[in-house]
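First comes the structure, then the notes that go with it.
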Amino acid sequence: MLDPLNLMDKFSVEKAEKMQRALSRMVIMHDCLPSKIRYIAGVDVSYSNEKSYGAAVVLDYATMRVIEEKTAVKKAPLSYIPTFLAFRELPAAISAVQKLEVKPDVFMIDGHGRAHPRRLGLASHFGLIVDAPTIGVAKNLLCGKIKDVKNEWRPIVDGDEVIGAAVFSGRSKRPIYVSVGHKISLESAIKIVLYCAKYRIPEPIRFAHVAAENAKRKNRIPKGLL
DNA sequence: GCGACAG
DNA sequence: ATCTTGTCGC
């Protein structure tokens, strides 16, 4: 079987799909209870030319204040291909996370987890590699349909299985899509996301996004200079 | 075959 | 995601 700790050196759709299907069966359902969380991390990646800028930000769960922030620059492995986002974002994301000194109890990733055609989105793949609880939070749907029940959140179903939840966070009319990444239940993932959602985008991801943008601006050549 | 398609 | 200025609204 393919090694979950190493991404493919030569990307091919066939091998990537096979890897995703194999890894999806390794996702652990052991729950990460919100009451046991002390530190939560947000992870995001931004791009400029061929470079990818990963950022990992750790927040104190009780106060939602940033206590640590690390970034990393990598050459983007490949261009964006729908359903294969992990192969593009993981190198920079993992690199940034490895620099953290504080060990987060749970990670919030900007992308789907189980709500993926082969049930292994970026958040799940990331979780397996770092072997930690992860929650997938996406701003758009990749697959599945929203079941129209009136609640604070609505299930995302694909066929007869629930793969995630559309959560109405902040005071937004548009939902965000939450799904299990690794080592957590959908129920806990939703609770944690709602707790962190001062605005539509949960704090950990919001801060990680800003950190990634800043890392990019720093390494970038000033506009009027060339 | 056609359209959809996280970031 | 990224390319980009001002602008409408809470």
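Residue numbers begin at 1 in each chain, while the letters A, B, ... track the order of the sequences.
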Practice problem: Give DNA chain B the dot-bracket treatment, 5' to 3': Watson-Crick (N1-N3 with N6-O4 or O6-N4) or G-U (N1-O2, O6-N3) under 3.5 Å, [ ] crossing, | other strand. | Solution: .......
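Relative to the six-membered ring of A/Phe11, A/Arg88 misses at least one condition, a distance below 6.0 Å or an angle of at most 45° to the axis.
The side-chain hydrogen bond (donor to acceptor under 3.5 Å, both in side chains) test applied to A/Asp44 returns A/His209, not counting sequence neighbours. With sequence neighbours left out, the salt bridge (Lys or Arg N to Asp or Glu O under 4.0 Å) criterion links A/Lys216 to A/Glu213.
For A/Lys15 and A/Glu17, the salt-bridge test fails: no basic side-chain N is under 4.0 Å from an acidic carboxylate O. Between A/Glu161 and A/Arg114, at least one side-chain nitrogen of the basic residue sits less than 4.0 Å from a carboxylate oxygen of the acidic one, meeting the salt-bridge criterion. Under the 4.0 Å criterion applied to side-chain N and carboxylate O atoms, A/Lys183 and A/Asp131 are assigned as salt-bridge partners. With respect to the salt-bridge test (charged N to carboxylate O, under 4.0 angstrom), the residues A/Glu187 and A/Lys191 do not qualify. Look at A/Asp148 and A/Arg154 and you find a salt bridge, because one of the NZ, NE, NH1 or NH2 atoms lies within 4.0 Å of a carboxylate O, short of that distance.
Where DNA chain B meets chain A (any atom under 4.0 Å from a heavy atom), the bounding nucleotides read 5' to 3' are B/dC5 to B/dG7.
A donor-acceptor pair is defined here as one N or O able to donate and one able to accept, closer than 3.5 Å; such a pair exists between the side chain of A/Ser179 and the backbone of A/Gly113. Distance alone, capped at 3.5 Å, places no donor-acceptor pair between the A/Ser48 side chain and the A/Lys51 backbone.
Note: A/His125 and A/Phe87 meet the aromatic proximity criterion, with ring centroids under 6.0 Å apart.
Atom CG of A/Asn49 and atom C1' of C/dC3 are 12 Å apart (whole Å). Distance, A/Glu50 CD to C/dA1 P: 18 Å, rounded to whole Å.
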Practice problem: Please step through ring-ring contact (aromatic ring centres under 6.0 Å, His included) for the pair A/Tyr195 and A/Tyr61, ending with a clear verdict. | Solution: CA-CA 9 Å; A/Tyr195 173 82; A/Tyr61 195 67; 4.4 Å; yes
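Listed in residue order, the members of residues 132-146 of chain A having a heavy atom less than 4.0 Å from DNA chain B are A/Ala138, A/Lys139, A/Asn140, A/Leu141, A/Leu142. Contacts of residues 69-94 of chain A with DNA chain B (heavy atom under 4.0 Å): A/Tyr80, A/Pro82, A/Thr83, A/Phe84, A/Leu85, A/Glu89.
Inspection of the A/Arg118 and A/Thr83 side chains reveals an N or O donor paired with an N or O acceptor under 3.5 Å.
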